[in-house]
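Remarks on the structure that follows.
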Protein chains: 2
Amino acid sequence: MSYTYDYPHPAVTADICIFSIREGRLHVLLIQRLIAPYQGSWAIPGGFIKMDEDLVTGAARELEEETGVSGMPLEQLGAYGRPDRDPRERVITVAFMALVPSDTMILAASTDASDARWFDMDDLPALAFDHDTILADARARLADKVTNRVTETALAAFQFLPQKFTLAQAQAVFETLKGEPLDKRNFRKWIAANWDLEDLKEKTSGGRHRPAALYALKA
Amino acid sequence: MSYTYDYPHPAVTADICIFSIREGRLHVLLIQRLIAPYQGSWAIPGGFIKMDEDLVTGAARELEEETGVSGMPLEQLGAYGRPDRDPRERVITVAFMALVPSDTMILAASTDASDARWFDMDDLPALAFDHDTILADARARLADKVTNRVTETALAAFQFLPQKFTLAQAQAVFETLKGEPLDKRNFRKWIAANWDLEDLKEKTSGGRHRPAALYALKA
DNA sequence: TCAAAAGTGTTCGTTATACACCCATGT
DNA sequence: ACATGGGTGTATAACGAACACTTTTGA
């Protein structure tokens with residue numbers, strides 16, 4: 001089957017930057033391309049938008065197909081359409097980003113990928129297409145959103161914490177997402193002012209040092 | 001000539017929200033559609049991206065073709081791609097916005113339009129497609145950008161002022177762009193702090209009341 | 001007793017907002 | 001003289017950034 005038009009049409013894809021924290025470091029989910037172009041290169045997961053689905057729906061579908069994750073709020077970054085960004089044909093992509101917990105994800109390489117892996121954002125391989133640009137934009141947006149206001153993205157940060165967590169653990173998560181160290185006292189003021197934390201009146205134990213108070217995010 | 005693909009491709013357009021100030025009120029440039037769908041309806045100018053041009057280049061080209069304006073910085077708003085937004089076929093559009101002086105523009109209806117006209121933003125006709133949504137997003141973005149920081153968008157605001165202007169004239173322009181009244185003293189503090197104004201040591205004359213000091217934006 | 005992490009307040013600069021009266025001119 | 005728009009300063013609140021020492025525990 002083929003599809004014919006009176007004038008040329010670009011292909012349109014959705015690419016999704018999936019961020020997570022693994023072992024205290026910001027990671028991004030990449031797939032290894034099975035087919036040309038950039039065969040064998042690593043790339044942001046994504047794929048072609050279907051004709052009957054919305055952009056964000058298509059992005060969510062690709063995300064679920066390639067990673068098993070669903071239900072995450074996807075934020076649109078914008079459209080990327082340099083004419084030479086794909087050597088095969090004109091491909092315009094709409095980029096999205098999401099912040100997800102990595103432990104609940106089942107990594108399953110899709111038909112277009114030979115592998116799917118988490119990469120440390122500070123140790124990235126060469127990326128296919130213009131995915132380095134997209135990923136850099138997404139990284140900047142993530143840092144912006146996470147600590148400035150109370151957004152869904154910031155809420156997702158708590159998924160990297162156990163139900164009972166110490167303020168030091170929370171600070172480490174937000175520092176990883178923001179990409180820079182935060183002042184301890186200012187962070188504690190910020191989290192107390194912006195989030196509804198419950199003081200569990202418990203302390204950590206078994207640590208080598210002074211026990212820390214445990215908190216939980218109130219539902 | 002026709003173009004054939006192995007799987008369906010959407011069409012991709014760029015739509016540009018062109019804002020201007022006319023007679024003290026915020027206007028947007030719309031075209032009247034010559035062809036179906038929405039024949040006779042008003043719409044944001046825009047058109048199909050060519051296969052060999054970048055998105056912003058295509059938007060600028062459409063802008064110049066339909067309005068004669070060029071050299072304006074276009075800001076991408078994002079992609080809009082609801083499957084049913086165009087009844088003909090799947091059309092995904094990338095929206096841009098610009099703020100331009102309307103006096104230098106030559107309105108020339110293009111091949112796709114029977115007319116091109118400025119509309120008061122408070123007196124809009126029904127719009128084709130999802131252009132009401134796009135335009136509302138653009139309006140919000142414009143208000144955000146204009147007074148918060150010193151951006152290219154804010155710089156464009158001075159194009160609505162004569163070279164020698166009074167602070168009251170400047171305030172009227174920014175109020176129009178922001179969509180709400182501004183405090184006179186706070187506005188004067190803001191403009192003095194954020195822009196390099198030259199006090200021309202001249203006064204208006206011929207007015208019916210107290211003359212006002214004239215300023216110019218230093219290059 | 002020491003090493004290591006937990007915990008805790010204040011100051012300062014910037015920014016946004018609110019608000020009321022006198023001044024200079026033309027008619 | 002008066003109507004009209006021009007011009008001016010201060011006080012408050014909120015926010016972000018900087019900064020150092022004491023406390024508690026396990027080893």
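Keep in mind it's a predicted model, so treat the numbers as computed, not measured. Numbers restart at 1 for each chain; the letters A, B, ... are given by sequence-line order, proteins then strands. FYI, side chains are in, hydrogens and waters are out, and symmetry mates aren't considered; it's all heavy atoms of this structure.
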Residues in ring-ring contact (aromatic ring centres under 6.0 Å, His included) contact with B/Tyr38, at least two apart in sequence or another chain = B/Phe129
Whole-Å distance between D/dT10 P and B/Arg188 CZ?
-> 17 Å
Distance, rounded to the nearest Å, where B/Gln169 contributes CD and D/dG5 contributes P | 14 Å
Charged N-O contact under 4.0 Å between B/Glu152 and B/Lys145 | no
Are side-chain heavy atoms of A/Leu26 and A/Leu142 found at a separation under 4.5 Å?
-> yes
Hey, are A/Asp120 and A/Arg25 close enough for a salt bridge, meaning a charged N less than 4.0 Å from a carboxylate O?
-> yes
Please report, rounded to the nearest Å, how far the P atom of D/dG6 is from the CG atom of B/Asp199.
-> 16 Å
Is the B/Phe158-B/Phe174 ring centre distance short of 6.0 angstrom?
-> yes
What integer distance in Å separates A/Phe187:CZ from D/dA18:P?
-> 17 Å
Using atom CD of A/Gln171 as one end and atom C1' of C/dA5 as the other, report the distance to the nearest whole Å.
-> 12 Å
Do the ring planes of A/Phe165 and A/Tyr215 sit parallel (below 30°), tilted (30 to 60°) or perpendicular (above 60°)?
-> tilted
Nearest whole angstrom, please: distance from the C1' of D/dG7 to the CG of B/Asp183.
-> 13 Å
Cut-off 3.5 Å, side chains only: do A/Tyr80 and A/Asp15 have a donor facing an acceptor?
-> no
Could you list the protein-to-nucleotides 15-17 of chain C atom pairs, N/O on both sides, closer than 3.5 Å?
{"from": "C/dT17", "atom 1": "O4", "to": "B/Lys189", "atom 2": "NZ", "distance (Å)": "3.4"}

Side-chain donor or acceptor of A/Arg139 paired with backbone N/O of A/Met121 under 3.5 Å | no
Nucleotide-resolved protein contact map, nucleotides 20-27 of chain D, B/S/- at heavy-atom distance under 4.0 Å = B--BBBS-
How close or far is atom P of D/dG6 from atom OH of B/Tyr215, stated in whole angstroms?
-> 12 Å
Would you call B/Asp115 and B/Arg117 a salt bridge, taking side-chain N to carboxylate O under 4.0 Å as the test?
-> no
Between A/Ile191 (CD1) and D/dG16 (P), how many Å, whole number?
-> 14 Å
